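Read the structure below first, then the notes.
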Amino acid sequence: MEAAAADNQSPSSSDVDVTPRGASSAVLRALQLIQYDDSDSKLQAAKEIRRLTKTSQRCRRLLAEAVIPLVSMLRVDSPQSHHESALLALLNLAVKDERNKMSIVEAGALDHVIRFLQSENINLQESATAALLTLSASISNKPIIGSSGAIPLLVNILKHGTTQAKVDAVMALSNLSTYTDNLTVIIQTDPVPSVVTLLKSSKRSSKTAEKCCSVIESMVGFDEGRTALAAEDGGILAVVEVLENGTRQAREHAVGALLTICESDRCKYRELILKEGVIPGLLELTVQGTPKSQTKAQTLLRLLRETPYPRSEFQPDTLENIVCNIISQIDGDEQSSKAKKMLAEMVQVSMEQSLRHLQQRALVCTPTDL
């Protein structure tokens, strides 16, 4: 009962502030064990820290000082049995805790995580990928990870890793892609074919599909990314399917990707997008999407019609006229019929929304307003 004995001792200068106030006995014991020199105590501490921080945000804060000794357990000269336990403990410490995310990277964990990404131990590789996913959520860590050499390794895992490692890798790439300087590094690794492969094997309404489309939207800002997506069998179709059936955020990424492609070279990509049956999904987005999705969907519809330029006053540039113009050019009765039905439904929904808006305005009017 070392923890109890320690509680009864008068603190020496070396004992001051070693453990946080208000910590439970389990937290105190874990912090004591992780400081011991023997490997068994450290391993026990790592497992206990992992357990305590699995769901408790409070424990993540109280155990923050375990970061440095846990990172030391990742060294090459540490027993191999320590690596995964310490890594998983660090992973849990980093969840939803920005300070711990930064502390883990500052303590030098990144070099070890990168080494584990190249490990032949599948479990260790999966844990390292999950750790990078969590650490890459920190704004402060994004440029550090991007310049560390981790991105090519993540793309390699996206190509050859286990299913779970691939999912974590694409999510980490999505996180890293929000830092502009990382985009050039990512596109140089040719990630699009592997991202499309993962997207096609994922449920379109899943978080995985959302993150795949996030990466694709970032990559099609480059000519190499657009060319790679168009060259992949079913690549544009997979994005269109997410536009139709994905989460609200995924649909925003999907329409953003298609709009970027079409704006880059309308003549080259217009037919490729149209033939995948994008019109019904775009019509729905103009009414039911996020504000950004609605704007992007309307802009893309204008680009997809026969001429992208405004019509004369005799044929106003309304959404209905734009869509009718596109429908008239679509090959195939089934696709054309579906688009016409969607247009009718869109007009109906738009009218209902306008009516509700007028009714709401009427309700808030006071006699003095009339």
Side-chain angles (χ1 to χ4, degrees), residues 136-137 139 142 167 170-180 183 195-196 198-199 202-221 225-226 229 235-264 266 269-270 273-274 276-305 308 317-320 322-323 326 338-339 341-361:
S136 64
I139 294 175
K142 293 177 194 287
V167 170
V170 81
M171 290 188 176
L173 288 170
S174 176
N175 285 344
L176 294 169
S177 70
T178 62
Y179 181 71
T180 305
L183 293 176
V195 175
V196 170
L198 180 60
L199 175 58
S202 303
K203 189 176 180 180
R204 300 301 185 259
S205 59
S206 67
K207 195 73 174 178
T208 301
E210 179 182 317
K211 296 304 181 181
C212 285
C213 281
S214 167
V215 175
I216 289 172
E217 183 181 19
S218 297
M219 293 300 96
V220 295
R226 295 188 291 272
L229 181 63
I236 291 178
L237 174 60
V239 176
V240 169
E241 288 173 344
V242 174
L243 184 147
E244 293 177 331
N245 302 306
T247 64
R248 283 171 66 84
Q249 192 59 50
R251 299 178 80 188
E252 187 175 303
H253 289 310
V255 70
L258 295 174
L259 177 58
T260 298
I261 291 171
C262 199
E263 285 180 326
S264 71
R266 179 178 173 276
Y269 293 109
R270 174 178 173 272
I273 296 172
L274 269 179
E276 302 298 359
V278 72
I279 300 304
L282 286 177
L283 287 174
E284 187 175 331
L285 275 187
T286 62
V287 178
Q288 299 179 355
T290 65
K292 284 185 179 179
S293 294
Q294 290 181 13
T295 301
K296 290 177 180 180
Q298 291 178 20
T299 303
L300 182 54
L301 281 168
R302 290 187 177 91
L303 286 171
L304 291 175
R305 71 181 180 186
D317 198 22
T318 62
L319 188 57
E320 289 85 351
I322 291 170
V323 176
I326 298 172
K338 185 177 180 182
K341 181 180 178 182
M342 287 296 302
L343 176 58
E345 291 175 354
M346 180 200 73
V347 172
Q348 180 64 29
V349 171
S350 181
M351 290 174 63
E352 290 173 356
Q353 288 178 339
S354 297
L355 180 59
R356 283 197 298 270
H357 180 66
L358 289 172
Q359 290 172 337
Q360 289 170 353
R361 288 189 62 186

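Atoms considered below: every heavy atom in the structure, side chains included; atoms not considered: hydrogens, waters and symmetry mates. Keep in mind the model is a prediction, meaning the values are calculated, not measured. Nothing fancy with the numbering, it's 1 onward along the sequence.
In terms of heavy-atom proximity, L199 sits nearest to R204 at O-NH1, 3.0 Å. Nearest heavy atom pair, residue V195 against residue C212, reads CG1-O, 3.6 Å. L283 approaches T286 most closely through the heavy-atom pair O-OG1, 2.5 Å. The two atoms that bring L285 and A297 nearest to each other are CB-CB, 3.8 Å, heavy atoms only.
Between the S206 side chain and the S202 main chain, no donor and acceptor come within less than 3.5 Å of each other. A donor-acceptor pair is defined here as one N or O able to donate and one able to accept, closer than 3.5 Å; such a pair exists between the side chain of K142 and the backbone of S136. Within the 3.5 Å criterion, the main-chain N or O of V220 finds a donor-acceptor partner in the side chain of R226. Of the possible polar contacts, none joining the E276 side chain to the I236 backbone as a donor-acceptor pair under 3.5 Å is found.
Considering I273, L274, V240, L300 as possible partners of I279, the one that fulfils the side-chain contact (heavy atoms from CB on, under 4.5 Å) test is L274. Of the options V242, L282, V278, a side-chain contact (heavy atoms from CB on, under 4.5 Å) to V255 is made by L282 and by none of the others.
Residues N245 and S205 have side chains not in contact (no heavy-atom distance under 4.5 Å, counting atoms from C-beta outward). Using a 4.5 Å cut-off on side-chain heavy atoms (C-beta onward), M219 and L229 make no contact. Inter-residue side-chain proximity for Q288 and R248 is flagged as unmet; no heavy-atom pair is nearer than 4.5 Å.
Every side chain to side chain donor-acceptor pair (under 3.5 Å) that T290 has, sequence neighbours left out, goes to E252, S293. Evaluation of the salt bridge (Lys or Arg N to Asp or Glu O under 4.0 Å) rule for K211 yields no partner, not counting sequence neighbours. Judged as a salt bridge (Lys or Arg N to Asp or Glu O under 4.0 Å), and not counting sequence neighbours, K292 has no contacts.
Rounding to the nearest 0.5 Å places CG of L258 at 13.0 Å from NE2 of H253. Distance check: R305 CZ to R266 CZ gives 8.5 Å after rounding to the nearest 0.5 Å. Distance check, rounded to the nearest 0.5 Å: CG of L304 to SG of C262 gives 5.0 Å.
Ionic pairing of E284 and R251 is present here: one or more N-O contacts between side-chain nitrogen and carboxylate oxygen are shorter than 4.0 angstrom.
For the residue pair T247/E210, the side-chain donor-acceptor check at 3.5 Å is satisfied. S174 and S214 are linked by a side-chain donor-acceptor pair at a separation below 3.5 angstrom, with hydrogens and angles left out of the test.
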* To do: Evaluate the criterion side-chain contact (heavy atoms from CB on, under 4.5 Å) for residue pair R270 and L303; output intermediate values, then yes/no.
  => CA-CA 8 Å; R270 174 178 173 272; L303 286 171; over 6 Å; no

